[in-house]
Amino acid sequence: MDKAKRKAIIAGNWKMNKTPSEATALLNEITPLVKDADCEVIACVPYVDIAAAVEAAKGTNVKIGAENCHWAESGAFTGEISTGMLKEIGVEYVVLGHSERRQYFGETDETVNKRTKAALAAGLKPIVCVGELLWERECDITEEVIARQIKLDLWDVTEDELKNVVIAYEPVWAIGTGKTATSDQAEEVCAFIRAQLAKLYNQAAADAVTIQYGGSMNDGNADELLSKTNVDGGLIGGASLVAEKFAAIVKAASK
Ligand code: PEP
């Protein structure tokens, strides 16, 4: 499938930044700047900001996402948030398996898979993050790591469900470090991810999946990264907290 036929998606990952009132203020800055975007624009925000963000984004082209969800519908999981809670409050997308969750909160491919299945069952669109550590790249096992993550994280996800899955390739060494993968490195792994999806499903299903790059993407490098055939969008951390920078990335994806 021609890249132009895939949905380009720019998603901000606000991480643990912004209070509800600050979220409203930032979205009030962002929404007018991205109103003519020719791509999907999402802000994934902390749980407590979601209500304010949904309100601020009402009537605009900006969709609101969450940064995680639990796999159970309800129950004794103190501190967790269910997919039903997110759906009811107006969330459409959810980031899953972010490397910070894997690194600091014990997230594994098994739990990413459970969360992904639960999100899909609830009608949420998961943005499933995969990526290698610097050590793994240096040991030349990037493809093994990515193949394993793709296979395990999407285990038991049907071809029909895959239509609602977004994959974010985020080399861990490039997240929040200011070190961006070169556009060739990003393209190489995004193309590899698509090839893995083709193996697990089929070429047509793989061709339809939006694959984002994430890792220090900013207003200065977005054009080059997004020009690559298999880079369909971006998951943006730091730069998503500055309205003008985020809007510039959205503009780059809209070309
Ligand atoms: C992220 O958190 O997903 C991310 C890519 O962060 P940054 O853009 O700050 O590297």
Side-chain angles (χ1 to χ4, degrees), residues 8-18 22-23 26 30 34 39-47 49-50 53 62-69 91 93-105 107 112 115-116 119 125-134 136-137 142 145-146 149-150 153 165-183 185-187 189-190 193 210-226 228 230-253:
I9 303 179
I10 299 296
N13 172 21
W14 289 12
K15 312 194 188 199
M16 195 175 72
N17 292 295
K18 305 294 174 188
E22 290 168 345
L26 180 54
I30 289 174
V34 302
C39 66
E40 189 106 307
V41 184
I42 309 165
C44 298
V45 306
Y47 291 133
D49 292 352
I50 291 173
V62 176
K63 309 260 170 72
I64 300 304
E67 298 177 14
N68 199 9
C69 68
V91 161
Y93 287 87
V94 58
V95 176
L96 294 175
H98 191 278
S99 64
E100 286 152 15
R101 303 253 14 127
R102 294 179 191 256
Q103 195 176 347
Y104 305 129
F105 302 102
E107 197 78 67
V112 175
R115 293 176 207 274
T116 302
K125 296 174 185 159
I127 300 175
V128 179
C129 303
V130 297
E132 80 287 2
L133 305 171
L134 182 57
E136 291 165 335
R137 176 165 281 266
T142 297
V145 172
I146 301 292
Q149 289 175 332
I150 291 289
D153 296 355
V165 173
V166 177
I167 305 285
Y169 166 54
E170 298 212 308
V172 180
W173 47 271
I175 297 179
T177 59
K179 272 190 209 162
T180 317
T182 64
S183 56
Q185 285 171 323
E187 170 62 16
V189 181
C190 289
I193 290 170
T210 296
I211 302 177
Q212 301 173 311
Y213 167 78
S216 301
M217 192 189 269
N218 57 45
D219 46 330
N221 58 28
D223 256 327
E224 169 70 17
L225 286 159
L226 293 166
K228 294 294 178 179
N230 286 286
V231 180
D232 303 314
L235 183 56
I236 322 295
S240 71
L241 297 170
V242 183
E244 294 75 18
K245 291 188 181 179
F246 186 63
I249 299 170
V250 167
K251 197 170 169 198

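Computation of the quantities below employed the complete heavy-atom set of this structure, encompassing side-chain atoms and omitting hydrogens, waters and symmetry-equivalent molecules. Counting starts at 1 for both ligands and their atoms, following the listed order.
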Residue portion contacting ligand 1 (non-hydrogen atoms closer than 4.0 Å) for I175: both
Region of A174 engaging ligand 1 - heavy atom pairs below 4.0 Å: backbone
Residue selection (non-hydrogen contact nearest atom 5 (C) of ligand 1) among E67, E170, K15: E170
Donor-acceptor contact present, side-chain D153 to main-chain I150, <3.5 Å: no
N or O pair under 3.5 Å between G214 and ligand 1: no
Residue, atom name and distance, where the atom is the protein heavy atom closest to atom 4 (C) of ligand 1: G237 N, 3.6 Å
NZ/NE/NH1/NH2 to OD/OE distance under 4.0 Å, E67 and R101: no
Ligand 1 N/O within reach of I236 N/O, cut-off under 3.5 Å: no
G238: numbered ligand 1 atoms lying under 4.0 Å from its heavy atoms: 7 (P), 8 (O), 9 (O)
Under 3.5 Å: donor-acceptor pair, side chain of E107, backbone of S99: no
Nearest-neighbour protein heavy atom for atom 1 (C) of ligand 1, which is reported as residue plus atom name and distance: H98 NE2, 3.2 Å
Residue that, paired with V250, satisfies side chain to side chain contact (heavy atoms under 4.5 Å, CB included) out of D219, V41, V62: V41
Which of the ligand 1 atoms, numbered from 1, are nearer than 4.0 Å to a heavy atom of N13: 1 (C), 2 (O), 3 (O)
Shortest non-hydrogen contact between E100 and F105, atoms and distance: O-CD1, 3.7 Å
Atoms of ligand 1 close to G176 [distance to a heavy atom under 4.0 angstrom, numbered from 1]: 7 (P), 9 (O), 10 (O)
Interfacing atoms of ligand 1 (cut-off 4.0 Å, heavy-atom, G215): 5 (C), 10 (O)
Numbered atoms of ligand 1 (with element) below 4.0 Å of S216, judged on heavy atoms: 7 (P), 8 (O), 10 (O)
